[in-house]
Amino acid sequence: MRFRAPLTALMAASFLVTCAGPEEVVVNGAPVIADVRQSPDVSENVQAVSPDATGRDGLWRAADHAAALIASSCPPGTPRQEPLPIDLSVTPVSLGDAAQIARRIPETVTVSGAWELTSSNSNVGGLSGLALLPAPEGGGLLSVTDAGAFVWIGLEKGAPSGAKISYMQGSDGMMLTGKTEGDAEGLVWSEGLALVSFERSFRIEAFALGVCGSAARAARVANLPGQHNNRNVDENQGPEAIFLEADGALGFGYEGMLGTSPLGRVLADGTAEWTGNTAPAPSLHGLVGREIVPLPNGTARTLEMYRAWDPLQGNRIRLTWGPGEAETLTLSRPLLVDNFEGIAAEALSDQLIRVWIVSDNNFSAKQKTLLYAFDIKISQN
């Protein structure tokens with residue numbers, strides 16, 4: 001496929017450095033000795049290493065399973081491999097004129113940055129899931145692509161600066177190939193693990209990027225359901241969103257169709273189930289991103305991003321963080337809008353959240369990779 005062409009050069013140019021063996025990892029600030037003798041079948045490893053994980057509430061949390069996942073993702077003797085630096089052109093853009101922005105963006109929202117991202121590397125595109133990396137991991141943004149790649153985007157003074165890329169490896173150490181294996185959509189970061197949801201073959205995999213970098217292999221977290229309400233889910237309407245609850249429990253959301261976007265959760269034994277709830281998608285929209293942002297005061301705020309498209313109206317994006325139009329942001333023509341899929345957010349204070357969204361250009365010259373940052377002043381409710 002076209003976006004695989006530079007793969008050999010990418011791998012050859014990667015940097016290898018020696019790292020501590022993955023047997024000893026740090027979880028919750030303390031060293032843990034992982035049972036590296038376990039089979040690469042992580043569904044068994046998780047249960048074996050964390051037999052008491054179901055004692056709390058039966059839900060899956062990365063803190064309970066990190067040691068087993070790291071052991072599978074970074075087998076003993078795996079040298080750390082750094083992603084390949086690539087060129088990134090960052091061009092500031094305007095969403096539209098003041099009157100257009102005022103009609104669609106509430107007064108409680110400030111556009112803190114808007115950029116178009118381009119690169120001479122044809123592998124940079126299809127950005128879907130998005131996560132903020134903690135300072136110990138270098139900070140900045142991490143994204144996944146429809147082609148099964150990780151893309152790191154540096155941040156300098158609140159603006160994108162520099163990028164790196166690497167391709168995802170399966171549990172066998174071979175690169176993921178094709179849409180069935182590599183259609184990565186959702187992303188969260190926890191305990192040094194990149195947790196990634198995939199469409200086509202519905203599943204969540206963990207990659208221990210914090211331990212062995214680009215050499216991390218896929219470690220299965222859970223297979224996700226292929227049916228909802230006894231109906232098969234189309235392969236392109238699956239787990240666009242994964243998210244962490246305020247207490248660290250892992251959830252997922254399907255894009256669905258016609259305003260029905262079901263929500264599910266991963267259980268401690270590595271299985272998944274529907275919660276019976278749906279995201280409140282507007283008519284003809286589907287859920288593509290969900291973030292639950294802990295606030296300094298101990299509360300949390302849920303943000304959801306929905307999209308719709310048709311040939312006449314083009315892309316339409318709804319970002320919500322509460323009930324009512326005052327807590328809803330709409331991106332549609334004539335504003336500069338594209339196929340936004342990835343979302344990441346952080347609390348700047350009890351009343352202010354910074355939200356990053358990125359668009360998936362589908363590797364098409366007719367679409368753009370846009371990165372927007374909004375500062376949202378939230379109510380006390």
Side-chain angles (χ1 to χ4, degrees), residues 14-15 17 19-20 25-29 62-63 66 70 73-74 80-92 110-117 119 121 124 127-145 149-166 168 184 186-196 206-216 242-244 248 289 291-296 300-301 303 341-349 352-359 369-376:
S14 296
F15 302 97
V17 300
C19 71
V25 297
V26 175
V27 178
N28 292 336
I70 290 170
S73 184
C74 299
R80 182 177 177 87
Q81 182 173 314
E82 299 297 333
L84 177 70
I86 54 176
D87 69 281
L88 185 72
S89 296
V90 179
T91 305
T110 301
V111 181
S112 58
W115 307 270
E116 180 181 357
L117 308 180
S119 175
N121 189 316
V124 179
L127 304 187
S128 297
L130 194 66
L132 283 159
L133 292 175
E137 300 297 336
L141 296 165
L142 179 67
S143 184
V144 293
T145 82
F150 289 109
V151 176
W152 287 256
I153 301 172
L155 293 177
E156 185 174 342
K157 296 181 179 180
S161 175
K164 298 179 288 185
I165 191 170
S166 72
M168 299 176 186
L187 172 68
V188 296
W189 181 271
S190 184
E191 303 292 337
L193 299 166
L195 305 176
V196 182
F207 298 83
L209 300 182
V211 174
C212 59
S214 300
I242 57 173
F243 53 90
L244 298 178
E291 289 278 306
I292 299 176
V293 183
L295 302 176
R301 181 60 66 100
L303 295 93
E341 290 190 10
I343 179 172
E346 62 179 334
L348 302 182
S349 70
L352 195 64
I353 294 176
R354 175 160 295 175
V355 182
W356 299 83
I357 61 174
V358 69
S359 66
T369 299
L370 300 174
L371 179 68
Y372 291 173
F374 300 103
D375 286 349
I376 297 175

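These numbers come from the heavy atoms of this one structure, side chains and all, not from hydrogens, waters or symmetry mates. Along the sequence shown, the residues carry numbers beginning at 1.
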- Message: Contact between Leu370 and Ile357 at the side-chain level, heavy atoms closer than 4.5 Å - yes or no?
- Response: no

- Query: Looking just at side-chain N and O atoms, do Glu341 and Ser128 make a donor-acceptor pair shorter than 3.5 Å?
  - Reply: yes

- Message: Quick check against the 3.5 Å criterion: does Ser73 have a side-chain atom that pairs as donor or acceptor with the backbone of Ala208?
- Response: yes

- Message: Tell me if a side-chain donor or acceptor on Arg80 pairs with a main-chain N or O of Val211 at a distance below 3.5 Å.
- Response: yes

- Test Ser166 against Trp152 for side-chain contact (heavy atoms from CB on, under 4.5 Å), laying out the working first. CA-CA 9 Å; Ser166 72; Trp152 287 256; 3.4 Å; yes

- Message: With a 3.5 Å distance limit and no angle check, can you tell me whether Thr145 reaches the backbone of Leu127 through a side-chain donor-acceptor pair?
- Response: no

- Message: In the structure I gave you, are the side-chain heavy atoms of Leu142 and Phe150 within less than 4.5 Å of one another anywhere?
- Response: yes

- Item | Side-chain (Ser112) to main-chain (Ala373) donor-acceptor, under 3.5 angstrom | yes

- Check: Ser119 side chain, Asp87 main-chain N or O, donor-acceptor pair, under 3.5 Å: yes

- Quick one: closest heavy-atom pair of Ile353 and Ala345, and the distance? CG2-CB, 4.1 Å

- Starting from the C-alpha separation in whole Å, work towards a yes-or-no answer on side-chain contact (heavy atoms from CB on, under 4.5 Å) for Thr369 and Val124. CA-CA 9 Å; Thr369 299; Val124 179; 6.0 Å; no

- Student check: side-chain heavy atoms of Trp356 and Val358 closer than 4.5 Å: no

